[in-house]
Amino acid sequence: MKNLKMGFFKISFISLMVGLAMKGSWINLEDLQNFFLHHIQNNLQTISLLSFLVGFVWILYMLTRPKPVYLVDFSCYLPPSHLKVSIHTLMGHARRAREAGMCWKNKESDYLVDFQEKILERSGLGQETYIPEGLQCFPLQQDMGASRKETEEVIFGALDNLFRNTGVKPDDIGILVVNSSTFNPTPSLASMIVNKYKLRDNIKSLNLGGMGCSAGVIAVDVAKGLLQVHRNTYAIVVSTENITQNLYLGKNKSMLVTNCLFRVGGAAVLLSNRSRDRKRAKYELVHTVRIHTGSDDRSFECATQEEDEDGIIGVTLTKNLPMVAARTLKINIATLGPLVLPLKEKLAFFITFVKKKYFKPELRNYTPDFKLAFEHFCIHAGGRALIDELEKNLKLSPLHVEASRMTLHRFGNTSSSSIWYELAYIEAKGRMKEGDRIWQIALGSGFKCNSSVWVALRNVKPSANSPWEDCMDRYPVEIDI
């Protein structure tokens, strides 16, 4: 543009000189001065207009563009060692409780204890998972006080470590999102945190309940939305589940399964939309994808908290659960794929889709190679069968699902926080390099399948007091089938 204007200026000047010479006129200073003033005025008007347009477009872009969301750090709760239980110890507690008449009161109910023992032996859980104090004493303490104590210890333990590691003051927090599926007392868990850490009066706090094991990703997505609106602030996401109040002591086998899988755990995550936090942040949030198939009755009813025939509350898992999970996962993958897959995989998926729909209905669905889109996978440690199925369907290697299997082995199913224990495992192994992409995926009641995608901003080292600090040298371990 500059060269064009200069060329035009030179041509105009020469034309004026030639024109005056042809008329036989002398070039006087007044004519030359008028010429320069005319062109300078025109150029200044053009430059001013262009500058205004560029400035307006830039301001519009800055105001409307999605603000980056950074994960500064996160902390997973490590319970005290006296809460560790082996499978043998756990079954000893169960038999003692039965003999004391606290559950399965008739002698014929021995088969219920044996049933749980068989599930535990094949569950993929190790010998060092944690159960709360209220379930390790006799008589069992499942009242509100014991339940609240467990949740407070988990949440405050994770948050204390997070504040200590980041140096962020509680008063700097502008957004708080807490999720706990089945334990939702009044005042809420979010209010409990506000009171404990004396958070500011205008904090935007939310408490998510009843959303299952995938609620951790939902909480991140909610925090992301709030960070797009509220500038220059921090958000904390807390994910946990309560075990004390949810131990099932009835005779329904489908409800006994949760006793065998769920264990104590929780995580706190610090997010920021402040540009200056990019330098110290571990990750940047790239995508969140949420799928909810609850409009279908089979999806809605496949995992339900309800009373059994004896009026004892538990969580029923129906036979439709595997089918529902597979269908919901398929929709999530189909939604996420176009956002993250390379062009070659997108074309292969599209061509197969067209062939199947219009020419060969019997053709198998094309499964994209997500290993081309992600270096790390954090699959919710819901159970061995879930991890096996996703490893098979996504064509992942044992290394890709190692974090999920080891988290299940070491900590059990900690519900919505399990994906953070898995991320902590990858960090502790020293595998997280700058530019690496991470896929966190979780499934939960409702039925829901949710994904979050992160990118590492640097070579990430584990934070202080990582839950894997005391045992990383022993992992991975061989798991008996």
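Below, all heavy atoms of this structure are taken into account, side chains as well, without hydrogens, waters or symmetry copies.
- Side-chain contact between I479 and R405 is present, with heavy atoms from C-beta onward closer than 4.5 Å.
- Residue R298 qualifies as open at atom CZ: its count of foreign heavy atoms under 6.0 Å is 12 or below.
- Heavy atoms from other residues, nucleotides or ligands lying under 6.0 Å from NZ of K84 number more than 12.
- Of the inter-residue distances, the one linking I175 atom CD1 with L226 atom CG reads 4.5 Å to the nearest 0.5 angstrom.
- Using a 4.0 Å cut-off between a side-chain N of Lys or Arg and a carboxylate O of Asp or Glu, R278 and E284 qualify as a salt bridge.
- Contact check for F163 versus L270: no side-chain heavy atoms found under the 4.5 Å cut-off.
- Within the 3.5 Å criterion, the main-chain N or O of V257 finds no donor-acceptor partner in the side chain of Y248.
- With rounding to the nearest 0.5 Å, the separation of CD in E150 from CD in Q142 is 10.5 Å.
- Between E152 and K196 no salt bridge is recorded (no basic side-chain N to carboxylate O distance below 4.0 Å).
- Relative orientation of the Y421 and F411 rings is tilted, given thresholds of 30° and 60° on the angle between their planes.
- With sequence neighbours excluded, the residues satisfying salt bridge (Lys or Arg N to Asp or Glu O under 4.0 Å) with E427 are K282.
- Checked by atom type and distance alone, the side chain of R458 pairs as donor or acceptor with a backbone atom of R280 at under 3.5 Å.
- Here the CD1 atom belonging to I236 is positioned 11.5 Å from the CD1 atom belonging to I155, to the nearest 0.5 angstrom.
- Considering only heavy atoms from C-beta on, P338 stays 4.5 Å or farther from F350 through its side chain.
- Heavy atoms from other residues, nucleotides or ligands lying under 6.0 Å from CZ of F156 number more than 12.
- Distance check, rounded to the nearest 0.5 Å: CD1 of I218 to CZ of R290 gives 5.0 Å.
- Note on ring orientation: taking the six-membered ring where Trp is involved, the planes of F370 and F374 are parallel (angle under 30°, cut-offs 30° and 60°).
- Using a distance-only test at 3.5 Å, with no hydrogens or angles considered, a donor-acceptor pair links the side chain of N207 to the main chain of A190.
- Using modelled atom types, no side-chain atom of E128 and backbone atom of R410 make a donor-acceptor pair closer than 3.5 Å.
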For L189 and V238, run side-chain contact (heavy atoms from CB on, under 4.5 Å): C-alpha distance rounded to whole Å, both residues' side-chain angles, the deciding distance at 0.1 Å, then the answer.
CA-CA 10 Å; L189 300 181; V238 177; over 6 Å; no
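- Expressed to the nearest 0.5 Å, how far CG of L408 lies from CG of N413 amounts to 7.0 Å.
- With no hydrogens or angles considered, a side-chain donor-acceptor pair links T316 and E306 at under 3.5 Å.
- By the 30° and 60° cut-offs, the orientation of the rings of Y283 relative to W454 is perpendicular.
- Between atom OG of residue S75 and atom CG of residue L162 there is a gap of 6.0 Å, rounded to the nearest 0.5 Å.
- Annotation: side chain of N320 is not in contact with side chain of F447 (no heavy-atom distance under 4.5 Å).
- Under a 4.0 Å N-O distance rule, the pair K169/D171 does not qualify as a salt bridge.
- Side-chain contact between W468 and T407 is present, with at least one heavy-atom pair separated by less than 4.5 Å.
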